[in-house]
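Here's the structure, in structure tokens; my notes come after.
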Amino acid sequence: MTPVSPGGDPRAPRESSTVVLDRPFFARPPEVVARDLLGAFLVVRAAGVIHRVRLVETEAYGGRDDPASHAARGPTPRCAVMFGPAGHLYVYRSYGVHWCANVVTGVEGSASAVLLRAGDLVSDDAPGGSPPAALRGPGLLTRAVGLTGAHSGADCASGVTGSVWFERPARARRAAWRATPRVGISKETDREWRFVLDVPREPRRGGVARRPR
DNA sequence: CCAAAGATGTTCT
DNA sequence: GAACATCTTTGGT
């Protein structure tokens, strides 16, 4: 990671104004929240550095009515956060290796959530900073911004005073999106609750775009 | 390029 | 023990 520039950079590109997503935003059905999170930004503040990820892929998970959900069999020590109020993070360990981050949605007790599957890491405002990185997969996304199980239960719907929150551009246009079956599950596979930004065309530069050096 | 194996926390059988 | 809301590494076509 690039260290914070001490004097600030007057040439830092100025983002257009953004709106912080509040609790009513999350207190809606998971498939609605999942779709509306596409194009929004996950913001994580860790050790004085702010990471911003533009979300491009999400998945909705229900509660007891969804066999593919961790909450299908009721609250456990791991997924208890899902049964709490909306707008809190639910971070769990996947295959003993990766961290996966969700936001709790719906009315309290419905135990629904949205899994953050992929995004684009926005470069920091440091001059010559690292270019945007494509974070494909929930485990890579959490690792890039430093989200771990320690963040599970954190409230990310009470403004920018915490360490995690969500933003969306004030002049938000409805982005084109696509719904598909969820990835990596074996139950309820016909439910199309995976949402991805519908990119017009993948920039294909005539075959393998290997970066020369 | 595609397929298979390996790592390993939490939960269920 | 076995299954998982996964990703990396290795080895074979």
Side-chain angles (χ1 to χ4, degrees), chain A residues 26 28-38 40 42 44 51 53 55-84 86-106 109-121 130 132-154 156 164 166 177-197 202-212:
Chain A
F26 297 104
R28 297 180 296 157
E31 71 273 21
V32 177
V33 176
R35 186 199 60 190
D36 283 352
L37 278 178
L38 293 179
L42 163 71
V44 179
H51 309 277
V53 175
L55 299 172
V56 300
E57 180 183 349
T58 59
E59 271 179 3
Y61 283 89
R64 291 181 176 275
D65 58 326
D66 184 359
S69 170
H70 285 176
R73 303 205 168 246
T76 65
R78 180 178 62 164
C79 73
V81 177
M82 292 182 71
F83 289 80
H88 289 247
L89 286 182
Y90 166 48
V91 186
Y92 70 93
R93 190 79 101 149
S94 169
Y95 287 81
V97 184
H98 311 284
W99 295 107
C100 296
N102 303 252
V103 199
V104 178
T105 60
S110 64
S112 60
V114 171
L115 171 66
L116 312 178
R117 284 197 59 90
D120 293 324
L121 180 64
S130 52
L135 311 176
R136 295 194 194 172
L140 293 179
L141 193 154
T142 56
R143 192 172 59 162
V145 300
L147 280 179
T148 71
H151 292 92
S152 200
C156 51
V164 183
F166 291 85
W177 53 276
R178 205 160 29 115
T180 76
R182 293 173 287 186
V183 171
I185 62 169
S186 57
K187 297 177 178 180
E188 211 71 11
T189 52
D190 53 343
R191 196 184 293 194
E192 298 200 328
W193 271 13
R194 169 178 175 256
F195 300 90
V196 295
L197 275 187
E202 199 72 18
R204 231 190 285 178
R205 320 201 163 207
V208 185
R210 201 177 300 258
R211 170 187 295 249

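Proteins get letters first, then strands, A, B, ... in listed order; numbering begins at 1 in each.
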- Item | Sugar-phosphate, base or nothing in reach of A:Ile185, heavy atoms under 4.0 Å |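 Here A:Ile185 touches the backbone only, sparing every base.
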
- Message: Base, sugar-phosphate or nothing for A:Arg78? Non-hydrogen atoms, less than 4.0 Å.
- Response: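 Touches sugar-phosphate only.
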
For atom [atom1] of [X] and atom [atom2] of [N], their distance in whole Å:
| X | N | atom1 | atom2 | value |
| --- | --- | --- | --- | --- |
| A:Tyr92 | B:dC12 | OH | P | 15 Å |
| A:Leu140 | C:dA5 | CG | C1' | 14 Å |
| A:Arg73 | B:dT10 | CZ | P | 19 Å |
| A:Trp99 | C:dC4 | CH2 | C1' | 15 Å |
| A:Tyr95 | B:dG9 | OH | C1' | 12 Å |
| A:Arg143 | C:dC7 | CZ | P | 10 Å |
| A:Tyr61 | C:dA5 | OH | C1' | 4 Å |
| A:Trp193 | C:dA5 | CH2 | P | 15 Å |

Would you name the heavy atoms of [X] and [Y] that are closest together and state the gap between them?
| X | Y | answer |
| --- | --- | --- |
| A:Gly62 | A:Ser69 | O-OG, 2.6 Å |
| A:Thr189 | A:Pro181 | O-CB, 3.2 Å |
| A:Gly74 | A:Phe83 | C-CZ, 3.5 Å |
| A:Ala71 | A:Cys79 | CA-SG, 4.3 Å |
| A:Tyr61 | A:Glu59 | OH-OE1, 2.9 Å |

[X] side chain near [N] phosphate (N/O to OP1/OP2, under 4.0 Å):
| X | N | answer |
| --- | --- | --- |
| A:Arg136 | C:dT8 | no |
| A:Ser186 | C:dC4 | yes |
| A:Ser94 | C:dA5 | no |

- Item | Listed nucleotide nearest any side-chain atom of A:Val97, set B:dT8, C:dC7, B:dC12 |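 The answer is B:dT8, which lies nearest to the side chain.
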
- Query: Under a 3.5 Å cut-off for both distances, is C:dT9 Watson-Crick or wobble paired, and to whom?
  - Reply: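 Answer to the pairing question: B:dA4, which forms a Watson-Crick or G-U pair with C:dT9.
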
- Query: Say you pick atom P in B:dA5 and the same atom in C:dA2; how far apart are they, in whole Å?
  - Reply: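 Each nucleotide's P atom is 15 Å from the other's.
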
